[in-house]
Amino acid sequence: MNSSFLKFSSITKKIWMAFLGLFLMLFLLVHLGINLCLLRDDGGKWFNDASHFMGTNYLVKIFEIILFGGFFLHVFLGIVLQVKNWMARPVRYKVNSKSTTPFLSKYMIYTGVIVLIFIGIHLMNFFFIKIGWVESPVDMLEGGEPDFYTAAEWLFTQPLYSIVYILLIIVLGFHLNHAFQAAFQTLGLEHKKYTPAIKIAGTLYSIFIPFGFILIPIYFLFI
Amino acid sequence: MDLTLNIWRQKDAKSKGRFVTYQLKNISQNCSFLEMLDILNEQLIMQNQEPVAFDHDCREGICGMCSLYINGRPHGPDDAVTTCQLHMRKFKDGDTIVVEPWRARPFPVIKDLLVDRTAFDKIIQDGGYISVNTGAAAEANNILVSKTSAELSMDAAACIGCGACVAACKNASAMLFVSAKVSNLALLPQGKIEAKSRVQKMVSKMDELGFGNCTNTYACEAECPKLISRSNIARLNREFFCAKIA
Ligand code: FES
């Protein structure tokens with residue numbers, strides 16, 4: 001990341017943040033779709049087939065580079081913008097703000113950092129196994145590929161892991177809740193008629209995504 | 001009503017400031033907040049003490065000079081009013097009122113509750129105008145303006161540049177102010193001609209002066225005494241984006 005990137009104006013950085021955020025939100029839908037294969041009672045066939053496809057398809061591999069690039073840029077810009085925001089008020093107020101604001105909007109950097117930590121753990125448990133950086137906790141499949149279904153089952157049947165996973169997914173939901181409508185505002189897509197619909201869509205999305213992901217540990221723990 | 005005031009005192013821009021507590025008795029509910037401070041200052045002068053410095057001018061809610069961060073809110077606990085239009089009936093007998101200056105790097109404290117808001121003037125000087133020679137007033141109907149645009153532009157023009165948006169924003173962002181000024185002109189045919197360069201210059205000045213970035217918390221909109229809408233910020237983003245790609 002060269003320093004000229006830092007010189008982009010605040011709005012340019014924010015527009016990139018918003019674009020990338022929406023892109024990552026689209027990816028989350030794909031990811032959830034694959035994860036829901038875990039709920040099929042087929043011994044993990046669908047899930048492992050999907051993992052195999054994601055791990056071998058060339059288009060997916062190109063997409064993976066864009067995804068990681070986009071993700072890191074989103075995180076990097078988020079930090080750059082936040083540091084400037086902290087610097088913009090060197091002397092804090094004695095009385096905390098009593099202004100009416102959407103509650104979650106004030107904590108985006110904190111929920112963002114928690115999501116980042118979560119993604120780090122998540123990569124260790126799955127993606128790093130795929131690329132061979134981390135050893136699989138369970139036996140490989142016959143063809144020498146990681147058995148992600150059994151790995152997921154192994155992780156999610158541990159109550160502590162599942163509880164932490166559920167809590168972190170809820171934080172992701174908090175992050176998405178504000179992010180969705182904020183992305184549209186940043187992109188200048190604000191309209192008297194459509195903005196209320198965007199807000200409802202954002203709320204539904206930020207409930208649907210965590211709900212979908214949380215179904216999986218609940219399934220492995222209780223069913 | 002009797003009040004305890006906790007006021008930020010700072011001798012000058014270079015000195016370290018601190019909060020000083022004052023007791024005030026028998027303040028009428030009908031006083032404005034600034035009149036209440038006038039009473040305090042008279043008492044201080046009588047006691048040979050330095051009066052509290054604070055900004056004000058019109059005291060009619062139109063000039064944007066008054067400021068003050070009162071009990072955690074710019075312009076105090078009432079909605080859509082400036083400090084000069086805030087009345088003591090919004091407080092209760094026995095209340096403690098904490099009064100702070102606007103806090104933002106681009107708004108340094110000059111003395112006590114006075115802050116230097118020249119940063120806003122600098123942003124305006126960097127494009128917040130239309131380049132025409134003034135002359136005799138032109139025939140009003142020569143350039144047609146739709147009613148919707150005229151109204152939106154007038155709504156944006158209601159911004160008095162008080163800086164409450166910056167003071168309220170957790171990031172000390174000036175986006176609401178800049179967006180009001182950009183919108184005000186960009187919505188009208190006369191302002192469209194320089195719209196592209198104006199938005200880029202004003203945003204880059206805003207960044208250069210050290211204001212923070214908008215994170216869409218909308219505290220600015222909640223505290224704006226002139227009810228400037230966040231839709232102006234969306235318009236600013238849109239104008240900026242279009243100016244960059246076109
Ligand atoms: S003194 Fe003019 S707006 Fe308050």
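Residue numbers start from 1 in every chain, and the chains themselves are labelled A, B, ... in the order their sequence lines are given, proteins ahead of strands.
Around the NZ atom of A/Lys106, the shell of radius 6.0 Å holds more than 12 heavy atoms that belong to other residues, nucleotides or ligands. Other residues, nucleotides and ligands place no more than 12 heavy atoms under 6.0 Å from the CZ atom of A/Phe208. Surrounding OH of A/Tyr194 are at most 12 heavy atoms belonging to other residues, nucleotides or ligands under 6.0 Å away. Heavy-atom contacts from other residues, nucleotides or ligands closer than 6.0 Å to NZ of B/Lys11 number 12 or fewer. With a 6.0 Å radius and a threshold of 12 heavy atoms from other residues, nucleotides or ligands, A/Arg92 has its CZ atom above the threshold. Heavy-atom neighbours of B/Lys90 NZ from other residues, nucleotides or ligands within 6.0 Å: at or below the threshold of 12. For B/Lys196, the NZ atom sits in a loose shell: 12 or fewer heavy atoms of surrounding residues, nucleotides or ligands are nearer than 6.0 Å. Residue A/Phe63 qualifies as enclosed at atom CZ: its count of foreign heavy atoms under 6.0 Å is above 12.
Residues B/Gly212 and A/Ala88 approach most closely at N-CB, 3.5 Å, considering heavy atoms. Contact between B/Tyr218 and A/Pro102 at its shortest, heavy atoms only, is CD1-CG, 4.2 Å. Shown here for A/Ser105 and B/Lys170, the closest heavy-atom pair between the two residues is O-CE, 4.2 Å. Pairing each heavy atom of B/Glu223 with each of A/Ser99, the nearest pair is OE2-OG, 2.8 Å. Counting all heavy atoms, side chain and backbone alike, B/Phe211 lies closest to A/Lys84 at O-NZ, 3.0 Å. Across all non-hydrogen atoms, the minimal contact from A/Gln185 to B/Ala234 is NE2-N, 3.6 Å.
Per-residue heavy-atom pair counts under 4.5 Å with chain A were compared for B/Thr217, B/Val98, B/Leu236, and the maximum is reached by B/Thr217. In terms of heavy-atom pairs under 4.5 Å with chain A, the best-connected choice from B/Tyr69, B/Phe241, B/Phe19 is B/Tyr69. Comparing B/Arg103, B/Arg235, B/Arg105 by how many heavy-atom pairs each has under 4.5 Å with chain A, the most go to B/Arg103. The candidate with the highest count of non-hydrogen atom pairs below 4.5 Å against chain A, out of B/Val203, B/Asn171, B/Val109, is B/Asn171. Between chain A and the residues B/Cys169, B/Cys220, B/Ser204, B/Cys242, the most heavy-atom pairs under 4.5 angstrom are made by B/Cys169. Per-residue counts of heavy-atom pairs under 4.5 Å with chain A were compared for B/Arg73, B/Glu100, B/Arg238; the largest is that of B/Glu100.
The CD atom of A/Glu190 lies 6.0 Å from the OG atom of B/Ser229; values are rounded to the nearest 0.5 Å. Atoms SG and CD1, on B/Cys214 and A/Ile11 in that order, are 8.5 Å from each other to the nearest 0.5 Å. Atom CG of A/Asn96 is separated from atom CG of B/Asn71 by 12.0 Å, given to the nearest 0.5 angstrom. One finds the OG atom of A/Ser9 at 14.5 Å from the NZ atom of B/Lys205 (value rounded to the nearest 0.5 Å). B/Ile233 CD1 to A/Lys14 NZ: the interatomic distance, rounded to the nearest 0.5 Å, is 8.5 Å.
The shortest distance between side-chain heavy atoms of A/Lys13 and B/Asp207 does not fall below 4.5 Å. Counting heavy atoms from C-beta on, the side chains of B/Phe240 and A/Thr12 come closer than 4.5 Å.
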>> Let's go through A/Ser10 and B/Met206 carefully: what are the C-alpha distance in whole Å and the side-chain angles of both, what is the deciding distance for side chain to side chain contact (heavy atoms under 4.5 Å, CB included) to 0.1 Å, and is it a yes or a no?
In response: CA-CA 9 Å; A/Ser10 56; B/Met206 171 184 83; 3.7 Å; yes
> When you look at A/Thr100 and B/Glu221, which way does the side chain to side chain contact (heavy atoms under 4.5 Å, CB included) test go after all the steps?
Replying inline: CA-CA 9 Å; A/Thr100 320; B/Glu221 183 189 51; over 6 Å; no
>> Applying side chain to side chain contact (heavy atoms under 4.5 Å, CB included) to B/Asn237 and A/Leu187, what does each step give before you reach the verdict?
In response: CA-CA 6 Å; B/Asn237 291 332; A/Leu187 294 175; over 6 Å; no
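The backbone N or O of B/Ala167 lies less than 3.5 Å from a partner atom in the side chain of A/Tyr93, making a donor-acceptor pair.
Within the 4.5 angstrom heavy-atom criterion, only backbone atoms of B/Pro101 (N, CA, C, O) approach chain A. Both the backbone and the side chain of A/Met87 come within less than 4.5 Å of a heavy atom in chain B. In this structure, chain B has a heavy atom under 4.5 Å from the side chain of A/Ile15, while its backbone stays farther away. With a threshold of 4.5 angstrom between heavy atoms, A/His178 approaches chain B through side-chain atoms but not through N, CA, C or O. Using a 4.5 Å cut-off between heavy atoms, A/Lys94 touches chain B through backbone and side chain atoms alike.
Checking A/Thr186 against B/Asn216 by side-chain atom types alone, a donor-acceptor pair falls below 3.5 Å.
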